[in-house]
Amino acid sequence: MPIRTLYVCSIILFGSLAHANEDSVWFFTWHATIPPHVQEAFRTETGIELVVDTFSASDVAEAQLAAGGSGYDLAVVPVEAVARLMEIGALQELSSLDLKTPLEISEWVLEPHKEAVPGIEEFTKPFLWGSTGLLVDQAAVQSRLPNAPLDSWDLFFNPEYAEVLADCGISIVDSVQEVVAITLNYLGRDPNSVSEPDLDAAFAVLADVMPYATVTDEQFWQIEQSEVCLSLTWSSTGLAPQIYGMNPDYTYSVPREGSVIWADVVVMPANTERTDHSRDLIDFLMSAHHAADIASYALASRPSYGPSSNAVGVQADILRLSFPDDRRELMFMMDARSGAEKRELDKRWRRLQMGFKSGSR
């Protein structure tokens, strides 16, 4: 779920000029997903202008598609949002498109998709995937907490540790379903539970940590400026220091208790009329060369890469760090939540950030 803010303004400006052009295809995706040279390659190969509009929060993408009339030909959403969009008829089936590029998908990726959202393969194509874990400034943390467990979620959820680390900065990715799932798993409960006692327990833990942390979708900027020493973050953000050679004290890891596998998928909005352009873009995105470029740029894994894949270079590093050998059996994908369940989570999340201790109604 990459959200690095790089060349967004130029893309949106270009998009506003190209919208009237019938030989264009509009793509709505995360910040820092499509590198400029890939955008240009699509125009060169197909004669179609690729107009990229971006978001930094998945709720924005879901809301745009749910409202209809978005004008996008294809979009990227997290897998857990698909069932809600399917239920309200906001998506077209992709299975009707005459795709030319064979789509290679690791069974390690495909099976959790199917389990999380039955029927998902008719409406989506896997795009990028990664994990959610901890980014730790080891020097800063160890100087304050010499005996702290750097490989455990206890480092994050123990309020005694949080109080000590508050002065060097703690951040939480603004993604309530993931944060709650991780908290439930830390408590030894079902990470996909929707029961009120389980949610109460999770929000009680979060309430103890929240006074010392910030919830943000600007974590890359915080990390780039070394403004945090502990972050609950996506691998696509947390791996940046190691891959790009930024602050050498930062390390990203999946804690020993396990964590979330996140997955982003490509969908076609229900109102899309130029399905031939959508088909051409899917074929392009899924081709081996361009898929590798996109995934490496986004610091995410390709859907064709599973634990035993032959990934090389940056993709091998991303796969190894996002899904460590000794953590894979402890990792899980989030189930789809109904619209009502998601709204309840959102409400409690907002109230928690406003300072309501229990996060309750």
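Since the structure is predicted, the reported quantities are computational estimates derived from the model, not experimental observations.
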For [X] and [Y], indicate whether the former's side chain and the latter's backbone hold a donor-acceptor pair under 3.5 Å.
X: Arg43; Y: Gln39; answer: no
X: Ser259; Y: Thr132; answer: yes
X: Trp129; Y: Arg302; answer: yes
X: Arg84; Y: Arg337; answer: yes
X: Ser193; Y: Asp190; answer: no
X: Asp73; Y: Trp26; answer: yes

For the pair Asp154 and Tyr186, evaluate side chain to side chain donor-acceptor pair (under 3.5 Å) and give the outcome as yes or no after the intermediate values.
-> CA-CA 8 Å; Asp154 198 47; Tyr186 165 73; 2.7 Å; yes

Check the hydrophobic clustering (I, L, V, M, F, W, Y; side-chain heavy atoms under 4.5 Å; chains of links allowed) and say if [X] and [Y] are grouped together.
X: Met246; Y: Leu135; value: yes
X: Val51; Y: Val60; value: yes
X: Phe332; Y: Val194; value: no
X: Leu330; Y: Val179; value: no
X: Val215; Y: Trp262; value: yes

Closest heavy-atom contact between [X] and [Y]?
X: Tyr250; Y: Glu227; result: OH-N, 4.1 Å
X: Ala270; Y: Gln92; result: O-NE2, 3.2 Å
X: Glu62; Y: Leu85; result: O-CD2, 3.8 Å
X: Val254; Y: Gly258; result: CG1-C, 4.4 Å
X: Pro191; Y: Asn185; result: CB-CB, 4.2 Å
X: Gln315; Y: Ser301; result: OE1-CA, 3.6 Å

Distance-only polar pair, side chains of Asp280 and Thr46, donor-acceptor under 3.5 Å =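 No.
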
Do Glu218 and Thr216 have side-chain atoms, one donor and one acceptor, less than 3.5 Å apart?
->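 There is no such pair between these side chains.
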
Hey, is [atom1] on [X] packed in by over 12 heavy atoms from elsewhere, all under 6.0 Å?
X: Glu160; atom1: CD; result: no
X: Gln138; atom1: CD; result: yes
X: Glu273; atom1: CD; result: no

Contact between [X] and [Y] at the side-chain level, heavy atoms closer than 4.5 Å - yes or no?
X: Glu178; Y: Val173; answer: no
X: Ile48; Y: Leu281; answer: no
X: Thr183; Y: Trp153; answer: no
X: Leu352; Y: Arg348; answer: no
X: Glu344; Y: Glu341; answer: no
X: Leu65; Y: Ser70; answer: yes
X: Phe157; Y: Asp208; answer: no
X: Lys125; Y: Leu99; answer: yes

Reported [atom1]-to-[atom2] distance for the pair [X] and [Y], which is rounded to 0.5 angstrom:
X: Asp335; Y: Gln177; atom1: CG; atom2: CD; answer: 8.5 Å
X: Leu285; Y: Ile294; atom1: CG; atom2: CD1; answer: 5.0 Å
X: Gln222; Y: Thr233; atom1: CD; atom2: OG1; answer: 9.0 Å
X: Glu93; Y: Met86; atom1: CD; atom2: CE; answer: 8.0 Å
X: Trp349; Y: Met354; atom1: CH2; atom2: CE; answer: 14.5 Å
X: Leu50; Y: Thr44; atom1: CG; atom2: OG1; answer: 11.5 Å

Who are the side-chain hydrogen bond (donor to acceptor under 3.5 Å, both in side chains) partners of Glu257, not counting sequence neighbours?
->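 Glu257 satisfies side-chain hydrogen bond (donor to acceptor under 3.5 Å, both in side chains) with Ser152 only.
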
Where does the angle between the aromatic ring planes of Phe28 and Phe55 fall among parallel (under 30°), tilted (30 to 60°) and perpendicular (over 60°)?
->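 Perpendicular, since the angle between the ring planes exceeds 60°.
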
Disulfide bond (SG atoms under 2.5 Å apart) contacts in which one or both residues fall within residues 154-188, not counting sequence neighbours |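 As it turns out, the disulfide bond (SG atoms under 2.5 Å apart) pairs with a partner in residues 154-188, which skip direct neighbours, are Cys168-Cys229.
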
Starting from the C-alpha separation in whole Å, work towards a yes-or-no answer on side chain to side chain donor-acceptor pair (under 3.5 Å) for Ser131 and Tyr252.
-> CA-CA 10 Å; Ser131 60; Tyr252 173 83; 2.7 Å; yes

Should the pair Asp317-Arg320 be classified as a salt bridge under the 4.0 Å nitrogen-to-oxygen rule?
->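 A salt bridge is present here (some side-chain N lies under 4.0 Å from a carboxylate O).
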
Just do the side chain to side chain contact (heavy atoms under 4.5 Å, CB included) check on Leu97 and Thr275 with the steps written out, would you?
-> CA-CA 8 Å; Leu97 299 180; Thr275 56; 4.0 Å; yes

Could you check Glu49 against Asp23 for side chain to side chain contact (heavy atoms under 4.5 Å, CB included), going step by step and ending with a plain yes or no?
-> CA-CA 6 Å; Glu49 297 288 352; Asp23 288 326; 6.0 Å; no

Go through the steps for Leu299 and Trp234 under the test side chain to side chain contact (heavy atoms under 4.5 Å, CB included), then give the verdict.
-> CA-CA 10 Å; Leu299 298 184; Trp234 295 319; over 6 Å; no

Decide side chain to side chain contact (heavy atoms under 4.5 Å, CB included) for Ile182 and Phe156; before the verdict, give the C-alpha distance in whole Å, the side-chain angles of both, and the deciding distance to 0.1 Å.
-> CA-CA 11 Å; Ile182 289 168; Phe156 189 88; over 6 Å; no

